[in-house]
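To keep things clear, I will list the structure first and then write my remarks on it.
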Number of protein chains: 2
Amino acid sequence: MRMDIHNADVPVLCRACEARHRGICGALDAPELLRLGRTSSRHEYGAGTTLVAAGERPEHCSNILSGVVKLSKLLPDGRQQVVELQFAPDFLGRPFGDESDVLVEAATDVRLCSFPLDMLQTMMAGSAAFETRMHRQALRQLDDARDWMMTLGRKNAAEKVASFLLMLSRHVRPQQEGYSTSFALPMGRSDIADFLGLTTETVSRQLTRLRKDGAIAIERTRHVEVLDLDELKEVAAGGT
Amino acid sequence: MRMDIHNADVPVLCRACEARHRGICGALDAPELLRLGRTSSRHEYGAGTTLVAAGERPEHCSNILSGVVKLSKLLPDGRQQVVELQFAPDFLGRPFGDESDVLVEAATDVRLCSFPLDMLQTMMAGSAAFETRMHRQALRQLDDARDWMMTLGRKNAAEKVASFLLMLSRHVRPQQEGYSTSFALPMGRSDIADFLGLTTETVSRQLTRLRKDGAIAIERTRHVEVLDLDELKEVAAGGT
DNA sequence: CGTTTGTTTGAGCCTTCTCAAAGGCTGTGG
DNA sequence: CCACAGCCTTTGAGAAGGCTCAAACAAACG
């Protein structure tokens with residue numbers, strides 16, 4: 001937590017909020033925060049909750065305070081592709097209203113700080129710094145999407161799963177650089193499969209392979225311990 | 001072409017330029033255009049030219065005046081994934097300097113209108129409308145990337161190739177809504193394969209399948225005629 | 001506990017890849 | 001204008017990685 005000179009003017013809820021430091025609210029000064037704070041509210045959603053249905057235009061947007069949010073796309077016949085995972089303190093919601101057709105769900109239990117979508121336009125119009133933050137997040141998401149295109153299009157099953165674990169180990173522990181060696185998988189095998197363009201069975205087989213090779217340990221199917229980070233990196237990059 | 005009241009104040013080169021209407025320059029007024037125009041210059045590059053090497057930080061950014069630009073990512077062992085195709089009048093170049101690791105090449109012969117990267121920052125700082133255009137382009141690119149993740153992760157070879165042709169038929173003929181029924185492929189089979197996460201052989205086989213099914217005709221390997229658009233759409237969506 | 005849901009493991013099959021060779025363009029030089 | 005070289009594309013045959021279907025197992029929940 002950071003000490004601000006104007007901390008006293010900042011809404012109580014915002015004081016300890018990560019979104020104010022690393023998220024989009026960091027671009028706002030105390031009066032702006034106060035204004036935004038009046039229209040915002042916090043909510044919790046259980047794992048699996050649909051936050052925005054595919055094709056729907058949501059009325060609210062949110063900072064993710066904790067948990068993991070899953071964005072996915074659907075094909076008419078039911079095939080699914082997860083197109084992004086968002087972690088705290090990412091911002092959830094799209095400016096300019098030209099929403100594309102994604103399904104937004106809580107992958108884990110999630111806490112959000114939400115406010116009306118029009119406030120987003122208002123804030124962007126009123127603060128160039130705010131728009132810049134939004135813009136930068138979009139560019140970061142674009143980079144992530146492109147990295148994942150590489151993974152989806154050109155890596156084999158082993159490389160995909162290893163890449164996924166590495167990605168998680170970098171994201172799950174917020175605000176800390178580098179890799180965590182121990183973390184919970186934010187979703188089940190079938191969501192992982194939908195993220196990697198594989199089937200649950202193949203994901204499961206690759207995880208057991210990594211386990212038997214001594215690269216990771218798995219406890220109660222949801223918790224991963226990275227035993228050999230270099231091995232994992234090597235597999236992810238196609239070294240084996 | 002549009003008639004502007006202040007056309008006379010607009011740099012000569014910009015008057016007939018698509019980028020001024022549908023591209024980012026549309027956000028600039030005559031004085032701003034004039035200022036930008038003084039630092040900009042036009043260049044042509046032959047198909048295959050490397051515009052920005054992977055990992056390099058370019059000094060210029062550009063509007064694409066004509067042609068197709070290919071962005072791709074490389075794996076250490078040489079595998080390649082094309083992560084985006086850009087068409088006129090898209091903008092090429094990244095604000096904020098946190099460039100990600102992509103290789104930029106001319107897919108076809110290309111004409112660019114380039115200016116220094118710092119001008120980009122200057123323009124964004126000076127014009128909120130300009131930053132908004134950049135921001136919107138990033139969001140559009142993000143949508144495209146996500147659509148393609150769906151294609152890469154969950155579609156089979158036939159669906160991928162059909163989706164690719166449909167995408168081209170929408171993009172190749174600029175400024176026009178809907179689908180073109182006749183267009184040139186902007187790249188060879190192996191680049192198409194690298195875009196679709198397939199091999200050249202598989203791309204070739206799927207193209208001949210579509211040809212034998214009467215959905216398309218191919219002339220001299222580079223020109224496609226869409227004979228049955230509905231068929232193509234159906235294949236792309238997994239209808240068959 | 002028993003039920004339900006999610007995960008792991010196995011066996012066989014199918015799509016796509018790999019490797020190989022033939023066929024078509026394009027451009028150059030005779 | 002034709003012949004040839006080089007490159008790209010097409011086609012074929014066989015191998016393999018990942019999928020499908022099916023069953024055993026483990027974990028979560030009432």
Side-chain angles (χ1 to χ4, degrees), chain A residues 46-48 70 75 77-81 105 107-109 151-165 184-213 216-224 235 238 240, chain B residues 46-48 75 77-81 107-109 151-165 184-213 216-224 235 238 240:
Chain A
K70 186 184 86 184
L75 239 35
D77 61 8
R79 280 176 286 178
Q80 183 168 160
Q81 176 65 49
E105 292 167 294
T108 63
D109 291 349
T151 300
L152 287 171
R154 285 301 181 206
K155 292 187 183 173
N156 63 28
E159 292 161 0
K160 284 178 176 179
V161 170
S163 301
F164 175 70
L165 294 177
L185 296 174
M187 53 203 193
R189 299 293 183 268
S190 103
D191 277 343
I192 297 176
D194 284 340
F195 192 33
L196 297 175
L198 298 171
T199 58
T200 47
E201 293 96 328
T202 300
V203 170
S204 177
R205 279 188 250 269
Q206 295 303 330
L207 285 172
T208 48
R209 190 165 97 63
L210 286 172
R211 185 163 47 70
K212 285 182 177 161
D213 290 354
I216 60 171
I218 302 178
E219 278 158 70
R220 297 163 72 261
T221 78
R222 281 292 193 123
H223 193 269
V224 172
V235 175
T240 305
Chain B
L75 239 35
D77 61 9
R79 281 175 284 178
Q80 183 167 162
Q81 176 66 49
T108 64
D109 291 349
T151 299
L152 287 170
R154 286 300 182 208
K155 292 188 184 172
N156 63 29
E159 292 161 359
K160 283 178 177 180
V161 170
S163 302
F164 176 70
L165 293 178
L185 295 174
M187 52 205 194
R189 300 292 183 269
S190 103
D191 277 342
I192 297 175
D194 284 340
F195 192 34
L196 297 175
L198 298 170
T199 58
T200 49
E201 294 94 331
T202 300
V203 171
S204 177
R205 279 188 250 269
Q206 295 303 331
L207 284 172
T208 47
R209 189 165 96 65
L210 286 171
R211 185 163 48 71
K212 287 184 178 161
D213 289 355
I216 61 172
I218 302 178
E219 276 157 72
R220 294 157 77 258
T221 80
R222 279 295 190 118
H223 192 267
V224 172
V235 175
T240 306

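Computed from heavy atoms alone, side chains included, the values below leave out hydrogens, waters and symmetry copies. All chains are named by letter (A, B, ...) in the order of the sequence lines, taking the proteins before the strands, and each is independently numbered beginning at 1. The shown structure was predicted, so the numbers you read here are calculated from the model rather than taken from an experiment.
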N or O in side chain of [X] less than 4.0 angstrom from [N] OP1/OP2:
X         : N       : value
Thr199(A) : dC19(D) : yes
Thr202(A) : dG18(D) : no
Thr208(B) : dT11(D) : yes
Arg205(B) : dT15(C) : no

Testing the basics here: between [X] and [Y], what is the closest heavy-atom pair and its distance to 0.1 Å?
X         : Y         : result
Asp194(A) : Arg154(B) : OD1-NH2, 2.8 Å
Arg211(A) : Thr208(A) : NH2-CG2, 2.9 Å
Gln81(A)  : Gly153(B) : OE1-CA, 3.3 Å

Side chains of Leu196(B) and Thr202(B) in contact at under 4.5 Å (non-hydrogen atoms):
no

4.5 Å side-chain heavy-atom contact, Leu165(B) and Leu185(B)
yes

Assign Leu207(B) to base, sugar-phosphate, or nothing according to its heavy-atom contacts below 4.0 angstrom with the strands shown.
nothing

5' priority, DNA chain C, between Arg154(A) and Thr221(A) [closest heavy atom]
Thr221(A)

Contact nearer the 5' end of DNA chain C, comparing Val203(B) with Arg189(A):
Arg189(A)

Nearest whole angstrom, please: distance from the [atom2] of [N] to the [atom1] of [X].
X         : N       : atom1 : atom2 : answer
Lys212(B) : dT10(D) : NZ    : P     : 11 Å
Leu210(A) : dT8(C)  : CG    : P     : 12 Å
Arg222(A) : dA26(D) : CZ    : C1'   : 14 Å
Glu159(A) : dG17(D) : CD    : P     : 12 Å
Ile218(A) : dA26(D) : CD1   : C1'   : 13 Å
Ile192(A) : dG6(C)  : CD1   : P     : 13 Å
His223(B) : dG24(C) : NE2   : C1'   : 18 Å
Lys155(A) : dG18(D) : NZ    : P     : 14 Å

Nearest listed nucleotide, side chain of Glu201(B), among dT8(C), dA27(D), dA20(C)
dA20(C)

By nearest atom, which of the nucleotides dG18(D), dA28(D), dT11(D) is closest to the Ser204(B) side chain?
dT11(D)

